[in-house]
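Note sheet for the following structure.
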Amino acid sequence: YGQQVINGSTRGDMANVVLTTTGEYLLLLSSDSAQDQVNFTVWPKTPTSQTLALNTPIQASITQPAQVQRYLFSVDAQQTLYIAPNSNSQTQNWQWLLVNSQGQVLTQNNLTTGSFYSVNAGSYYLDVNANDLSVGEFSFQVFSASQLPQIVLNQAQAIHLNPQQH
């Protein structure tokens, strides 16, 4: 009670303001001019959860502003994961974050950048959401690094590049 959640000014969308406790909040809007009109919408940020199978492509969409798509998965042993967004996704303002079962954010990035991350045995979730109020389709895949093709030193490698896949 009595604490500021956010302080500042904006002339555009402001997304991802997290209210950490239940109860009533006071929203204070001010203007430099008596002529300004302010329009706003408060969107709930409720995740839609589904199970993620490692090494399986995911194609999904965000259909309303502030929506979160949550992907639940577990690993039986320590391993390295590669989170591979589809480079054709129109998701410049979208992000993913990897969270452990204690709610700790382990890593996050935008949905146009892949990332390797080492995890221990346990349960995790990966959230995908827009860091603005965008809606649209996205795709990605979470690989167990042990399932990625191996490169052999001093030996010619033949690969086929397909921009639709990772």
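Contacts of Gln104 classified as side chain to side chain donor-acceptor pair (under 3.5 Å), with partners at least two apart in sequence or in another chain: Asn100. Take Ser146 and apply the side chain to side chain donor-acceptor pair (under 3.5 Å) test, not counting sequence neighbours, and it matches Ser144. Legend: residues meeting ring-ring contact (aromatic ring centres under 6.0 Å, His included) with Tyr125, ordered by chain and number and at least two apart, are absent. Checked against side chain to side chain donor-acceptor pair (under 3.5 Å), Ser115 has no partners two or more places apart in sequence or in another chain. Residues passing the side chain to side chain donor-acceptor pair (under 3.5 Å) test with Ser61: none are found, sequence neighbours excluded. Here Val119 pairs with Val75, Gln79, Leu81, Leu98, Tyr117, Tyr124 under the side-chain contact (heavy atoms from CB on, under 4.5 Å) rule; sequence neighbours left out.
One distance of note links CD of Gln69 with CD1 of Ile58; it measures 10.0 Å at 0.5 Å rounding. Rounding to the nearest 0.5 Å gives a distance of 10.0 Å between CG of Leu72 and CG of Leu126. Atom OG in Ser49 sits 7.5 Å away from atom CG in Asp127 (nearest 0.5 Å). Note that OG1 of Thr56 and CZ of Phe73 are 12.5 Å apart. Values are rounded to the nearest 0.5 Å. Rounding to the nearest 0.5 Å places CD of Gln59 at 10.0 Å from CZ of Phe138. To the nearest 0.5 Å, atoms OG (Ser123) and CD (Gln102) are separated by 9.5 Å.
Pairing each heavy atom of Trp94 with each of Val128, the nearest pair is CE3-CG1, 4.4 Å. For the residue pair Val135 and Pro65, the shortest heavy atom distance occurs at CG1-N, 3.7 Å.
Checked against a 6.0 Å centroid threshold, the rings of Phe140 and Tyr71 count as neighbours.
Judged by distance alone, with hydrogens and angles left aside, the side-chain atoms of Gln50 form a donor-acceptor pair with the main-chain N or O of Thr48 at under 3.5 Å.
Taking hydrophobic clusters as Ile, Leu, Val, Met, Phe, Trp and Tyr residues chained together by side-chain heavy-atom distances below 4.5 Å, Leu54 shares a cluster with Ile83.
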